[in-house]
There are 2 protein chains.
Amino acid sequence: MSEDVPEDVPEVASEATPEPTSDEPKPRRRQARGERRIAQLLQAAANVFCSNGYTAASTNAIAREAHVSPGTLYQYFPNKEAIAIELGERLLHQMREAHGQAFTPENLALPLPELLDAVVDPMIEFNCANPAFLALMHGSDAPGRIAEEHDALHVSLLARVREVLAHFAPAMPAQERARVAEMTFATFKGGLDLVLAAPEGPERDAMIGELKTLLLRYLAPLTEGPLTEGPVTTTRSH
Amino acid sequence: MSEDVPEDVPEVASEATPEPTSDEPKPRRRQARGERRIAQLLQAAANVFCSNGYTAASTNAIAREAHVSPGTLYQYFPNKEAIAIELGERLLHQMREAHGQAFTPENLALPLPELLDAVVDPMIEFNCANPAFLALMHGSDAPGRIAEEHDALHVSLLARVREVLAHFAPAMPAQERARVAEMTFATFKGGLDLVLAAPEGPERDAMIGELKTLLLRYLAPLTEGPLTEGPVTTTRSH
DNA sequence: GACAAATGCGAGCGCTCGCTCGCATTCTTG
DNA sequence: CAAGAATGCGAGCGAGCGCTCGCATTTGTC
C-alpha cells in the first residue's frame, strides 16, 4: 500500500506562509500562478454571486467570468460551496478589521454624534466597496457555513452595540438594552440598503446623513444625566 | 380548418363570476374541484417559496406539498412562473386592501403616535399572516413580473408616506421629503424583519412597540408649529 | 346508461447544472 | 536537458430540474 497521490483536490491554498520557512521547504511548487488564479476566480465569483446570488450562479459562469475552464476552477476549489466559503471568509475578515477599528475605546469616549460617524462611515464604506458581501450574507440561499459565520458576526456586532448602549444609558435594564441594540442594528441595515441603492454622489451622501440623523434621534433620548451633546440636535434639518 | 381544442393550458381560472349568469351559462364545467385545487396548490406554493425561495423551490416539491401529481399542477398553471405570479397577485391584492385601510383620510387627521399605530399595525399583521409575501417580493430571484408589481407597490407606498409627511411638515422641500419618506419606509422594513424574527408573544409585541418608538422619535421633530402630541414622548421608556 | 368534458396521474423527455477525467502544457528542480 | 509536479483544458457524466404526454378516473348533462 503505497502512499496515494497527495491530494487530487488540494483545497484552497491558505494565504498564510508565503515565505518558505526552514521547517516547510516545500509547501507547494508553483505558488505564484496558482495564487493569482485563486484571486482571479474569487473576484469572478464575487461578481457573479453579486449579480445572480449564490444558487443561481453557475460554476461554469464563474469560470467563464475568470476566462478559465471549469476544470481549472475545480483544481483550486473542491466544489461550488468552497468558493463561496473562501470568498465569504475573506470578506468577513476584512469586515472584522473594519468594525474593529470602528469600536475602539477612544471612539467610545466620543459624544454620540461623533461616535455615530466613527461607526457608521467605515461600515458603509466597506459595503460600498464590497457589494458581494451583502449578496452572500443576506441571501437566504447561502451555504450553511456562510450563514453560521454571518450569524457569529451578527452576534458580535450586537454585543458591541450593547456595549455602547451600556456606556450611554447604564441604568437601562439588560433586556431592553438588547432590544434597542437589535432595533438599532436592524435600522442600520435597512438604511444601508437604501444608501447602496442610491447613486453614488451627493444623493448617497445625503442618504447617509439622513441615516445618521435617524439613529441620533432614536438614541439621543436614551442618554442620561447631562446630555453628551444636547437633545436631538437638528443636525441638518430643512 | 376546424376550431382546435379550446385550451390545453386554460391559464389560471380567475376567481370572478362563480355564479353562472344568464349570458355566460357555460364558463367552465367543473369549477368547484378546480378552484379548490388551485387554492390548495397556491397554499403549497406559498409554503415552499417561503422556506426555499422562488428558484430553489421545485414544481415537483410544490406538487408533493399539495399531495398532487406534477401533471395535475400543470393543468392549472402553464409554468412555474405563473404560480408565483398568481400567488403574488393575490397577496398584493390583499396587501393593497390592508394599506388602503391604513391610509384613510380620517387616519391622516390623527396625531402622529395614533397615526403610526393605524399604519404600522395592519402592515405588521399582514406580513405575520402571510410570510410568503416577503419571501416572494424580497428575494432577488423572483420572476420579473413580480418584481415589477412589487416596485409599483413600493412606489405607491412611498407616495402615501410622502403625503403624510406633507401633512405634518408642509414647509419641507420636496426633495428632502422624498428622502425622509424613503428612510422611513426602509426603517419600517428593517424593523419588520426584526418583528418577524422575534417569537410570537410578548417579545414580538415589545419589538413592535420599539419600532413605533423609533419611528416616532425620527418623525416627531419634523412636525411644525404646536406639536401635535408633544415632542418625543417617552412612550414606554425604561 | 351514454357520452364528453374536466380532472388526475406518473414515467419520462430535454435541458442545465455541478463536477470529473484524461491528457496537454508550463514551470521548477537536479 | 530530463523528470515530474503544478497548471490548464473541455467534452462529457450523472442528477435534478421544469415540463409533457398518453391514458385512467370522476363528474355533469342528456
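Nothing here was measured: the structure is a model prediction, and the numbers come from that model.
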Rounded to whole Å, the CG-C1' distance (A:Asn79 to C:dC17) equals 14 Å
B:Ile38 atom CD1 is separated from C:dA6 atom C1', nearest whole Å, by 12 Å
Testing D:dG18, C:dA11, C:dC9 for proximity to the side chain of B:Ser58, the answer is D:dG18
A:Gln40 atom CD is separated from D:dG8 atom C1', nearest whole Å, by 12 Å
- [ ] Ignoring backbone atoms, establish whether B:Thr72 has a side-chain N or O less than 4.0 Å from OP1 or OP2 of C:dT7.
- [x] no
B:Glu35 atom CD is separated from C:dT7 atom C1', nearest whole Å, by 14 Å
| task | Give a yes/no on whether any side-chain N or O of B:Arg37 is located under 4.0 angstrom from OP1 or OP2 of C:dT7. | result | no
* To do: Tell me what A:Ala82 touches on the nucleic acid: a base, only sugar-phosphate, or nothing, going by heavy atoms under 4.0 Å.
  => nothing
- Task: May I ask you to verify if any side-chain N or O of B:Tyr74 is less than 4.0 angstrom from the OP1 or OP2 atom of D:dT20?
- Result: no
Next on the checklist: Can you tell whether the side chains of A:Asp193 and B:Lys189 come within less than 4.0 Å, N to carboxylate O?
Outcome noted: no
In whole angstroms, the gap separating P of D:dG18 from CG of B:Leu73 amounts to 10 Å
### Message
Taking 4.0 Å as the cut-off, does a side-chain nitrogen or oxygen of B:Arg33 come that near to OP1 or OP2 on C:dA6?
### Response
no
Using the ring of each side chain (for Trp, its six-membered ring), is A:Phe126 parallel, tilted or perpendicular to A:Phe133, with breaks at 30° and 60°?
perpendicular
Indicate, with a heavy-atom threshold strictly under 4.0 Å, whether B:Ala63 touches base, sugar-phosphate, or nothing.
nothing
*Just checking, is any N or O donor in the side chain of A:Tyr76 or A:Glu35 under 3.5 Å from an acceptor N or O on the other one?*
no
Lys/Arg N to Asp/Glu carboxylate O, B:Glu89 vs B:Arg145, below 4.0 Å: yes
To the nearest angstrom, the CG-P distance between B:Asp141 and D:dG18 comes to 12 Å
Note to self: Check this one for me: any side-chain N or O of B:Ser69 less than 4.0 Å away from OP1 or OP2 of C:dG8?
What the structure shows: no
(request) Decide whether a cation-pi geometry holds between A:Lys212 and A:Phe188; the criteria are a distance under 6.0 Å from NZ or CZ to the six-membered ring centre and an angle within 45° of the ring axis. (result) no
| Distance check: side-chain N/O of A:Tyr76 vs OP1/OP2 of D:dG8, anything under 4.0 Å? | yes
When rounded to whole Å, the CD to C1' distance for the pair B:Gln75 and D:dA24 reads 13 Å
Whole-Å distance, B:Asn60 CG to C:dG12 P, equals 15 Å
